[in-house]
Q: 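Starting off with a structure, shown below.
Naming convention: chains lettered A, B, ... in sequence-line order (proteins, then strands); numbering from 1 in each chain.
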Amino acid sequence: MVISWSELGEGLRIALNSLKANRLRTVLTTLGILIGVIVVTVIIAVIQGLNVYVSEELSSLGTDNVYISRYPWMITSYEEWLRVSKRKRITENQFRFIQKHSRHAGVVVPEIVTRRTSRYRNESLDRVQIIGTTEDYIATSNSLPEMGRFFGETDVGVRRAVCVIGREVADRLFRNENPVGRRMKIGGHSFLVLGVLEKRGQMFGHSMDNNAIIPYSTFEKLFGRHRSFEIQVKAGGAEFVDALRDELEGLMRRARGLGAGQENDFSINQQSQLMEVYNNLTRVLWIVLIGIGSIALLVGGIGIMNIMLVSVTERTREIGVRKAIGAKRRIILWQFLVESMFISGIGVTIGLLISIGIALFVKQVSPLPVHLSTWIIFLGIGFTVAIGMFFGLYPASKAARLDPIEALRYE
Amino acid sequence: MLIELQGIVKDYRLGLEIVHALNGIDIRIDQNEYVAIMGPSGSGKSTLMNLIGCLDTPTEGTYFLNGSNVSHMDDDQLAEIRNREIGFVFQNFNLLPRASALHNVELPLIYNGTPASQRRDLAEEALIKVGLKDRMGHRPNELSGGQRQRVAVARALVNKPSIILADEPTGNLDTRTGDEIMDLFEDLHDGGNTIILVTHEEYIAEHSDRIIRLRDGRVERDESN
């Protein structure tokens, strides 16, 4: 079906004229489409924003890292909590066992954590996260020193009181001074600052820069030996992650002396598990999106169909005149399709403008990085054409098939 | 021969009954004739006009218009024939209310794909011919009845059709304005156009050169005026 420019122009002209003559009716008709478009674009924008947010947050965990912990990262029920809360701690010996026997592991790193007040001269910072680990922590946590250096193997071996501090600690305790080479107090003990880490930002609202990293041997000497370890294992390569996971499970069961029928009393966590939880969440959002969006668009589309049927009836005589002087079926068809696409176009355009407004507003008042980009224009054109065509087709073909004699006689 | 109707029969189904609107019509009309078709209501006059105007096709018989057989054409083919061969003038003008006089006259040109640049010139020319040089931008509701009918005549003329088919063109006009329109038809006839007039008023039919009288779906009389 082809249509010439002048025929298309005539279609647009007719559409404009009839919409101008029925302004209120047109606006009311587009309401359904408008709401549908707002729902769809805002939800898509939120999902896209969340995607960006979450993948940024999770990127610091590393895709090829496996974390052996006492508890799972996600506890979804009270029963589960009761079950896992009785687990015994993970010990230094188990860490050493894994380090010695794992073949798929690239790096194996222990982590013990506490919170202590830190001081430098008159400045004091409460509840700084103190992380006890080895020199290999750089590899699993991706925390590189921005100034100075990380501690080394000997520092761990001889339990030196040295630390590498996060950006926030450096800024708040040392102000404009260079912390490297200074002595600061952590939980009342004196530590030599070896380096300052690069800024790492936040993860789910927690600062990752409010910390001090020290050798785990020093940590146990000064703050006690009763804490559970988390064992961080970096795979030798991304392709070994699954094999590594299986191997670690077996090694841990041996290290913890579990019999054949006994359940794991530890958890092996990975970034991908969080992604899974997140993907489940967005799946729900997509279903809501598709549900509400399609209902609103259906209602809107039916509104357009209804108004187009009215329009065809009102203009029966005009259709008769046009046919009498030589308009073919497809021209009449196009004339009404152009009009219905025009109506849906108005709804979609206003809807998109409001959505952009909402997105900008949400961006201003919430931390959610709402993401709207050029694709919405294509989405808008797609919606306009699809809804206008689909719901305009029946009224338009009804108009096109009118008998000119009957139509001319219509009062 | 411009129009050749042979053995035209037209039946309608009206509920369960079949109405025989036309029962074997044979008419031949030449280039540049001025013909009036007359008859009381129910004589088949409107049916005949619809057939001649290619708005409908006959149940039986053949209709040659300007050399082509239009008896069995489909909707779109008929639309093309109407656009090219026939200029309609209706009793109630049938102009598009929201379009200017000029645009109303341009419409047939839009449907036959005349380029926009020529459309305007041709439409203006036609409006000047019917004496509406200074009313081109007006909408139908800003024009008098006589002026509206002139716009309709201009629209009928603009494609230079073979036939101008006028259905009671003065029916909605007062006598004086009606006479003006009839004068216009006279001029068009003198200019070489073929005119077919459908009317039930003797004094209107008097303007023509030949009167075809219908009764009960047949030609009752066909004589020069």
Q: Using residues 294-304 of chain A as the side-chain source, report each donor-acceptor pair under 3.5 Å to any protein atom, sequence neighbours left out, with the distance given to one decimal.
A:
from, atom 1, to, atom 2, distance (Å)
A:S294, OG, A:I290, O, 2.4
A:S294, OG, A:G291, O, 3.2

Q: Does the distance from a Lys or Arg side-chain N to an Asp or Glu carboxylate O, for A:E276 and A:R283, drop under 4.0 Å?
A: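 Looking at A:E276 and A:R283, the cut-off is not met.
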
Q: Measure A:R322 against the heavy atoms of chain B and call it side chain, backbone, both or neither at under 4.5 Å.
A: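 Contact with chain B is through both the backbone and side chain of A:R322.
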
Q: Assess, by modelled atom type and distance only, whether the side chains of B:E33 and B:T194 contain a donor and an acceptor separated by less than 3.5 Å.
A: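 Not at all, the side chains of B:E33 and B:T194 share no donor-acceptor pair under 3.5 Å.
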
Q: Please report the shortest heavy-atom distance between B:A152 and B:F93, naming the atom on each side.
A: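 Here B:A152 and B:F93 meet closest at CB-O, 3.9 Å.
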
Q: Can you say whether A:R317 sits under 4.5 Å from chain B via the side chain, the backbone, both, or neither, judging by heavy atoms?
A: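 Only the side chain of A:R317 comes within 4.5 Å of chain B.
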
Q: Decide yes or no for B:L127 and B:K133: does some side-chain heavy atom of the first lie under 4.5 Å from some side-chain heavy atom of the second?
A: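 Result no, sub-4.5 Å side-chain heavy-atom pair not found.
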
Q: Counting heavy-atom pairs under 4.5 Å with chain A, which one of B:I86, B:N92, B:N112 comes out on top?
A: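 Ranked by contacts with chain A, first place is B:N92.
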
Q: Which bit of B:R119 comes within less than 4.5 Å of chain A, counting heavy atoms only: side chain, backbone, both or neither?
A: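 Contact with chain A involves the side chain of B:R119 alone.
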
Q: If we define contacts as heavy-atom pairs under 4.5 Å, which of B:N83, B:I81, B:L78, B:D56 has the most with chain A?
A: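 Option with the top pair count is B:N83.
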
Q: What residue, out of B:N159, B:L107, B:L95, has the most heavy-atom pairs lying under 4.5 Å from chain A?
A: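 Option with the greatest count: B:L107.
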
Q: Which answer fits B:D76, side chain, backbone, both or neither, if we ask what part of it has an atom under 4.5 Å from a heavy atom of chain A?
A: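 Its backbone and side chain both get close to chain A.
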
Q: Is chain A contacted by the side chain of B:L96, its backbone, both, or neither, given a heavy-atom distance below 4.5 Å?
A: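 Contact with chain A: side chain only.
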
Q: Heavy-atom pairs under 4.5 Å with chain A - which of B:R98, B:E106, B:H103 has more of them than the others?
A: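 Ranked by contacts with chain A, first place is B:H103.
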
Q: Cation over ring, B:K10 on B:Y12, under 6.0 Å and within 45°?
A: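 Cation-pi check for B:K10 and B:Y12: passes.
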
Q: State, with a plain yes or no, whether a side-chain heavy atom of B:P58 is found less than 4.5 Å away from one of B:V9.
A: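 No, every pair of side-chain atoms sits at 4.5 Å or beyond.
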
Q: Could you have a look at B:N94, B:I110, B:L55 and say which one has the most heavy-atom pairs with chain A under 4.5 angstrom?
A: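 The answer is B:N94.
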
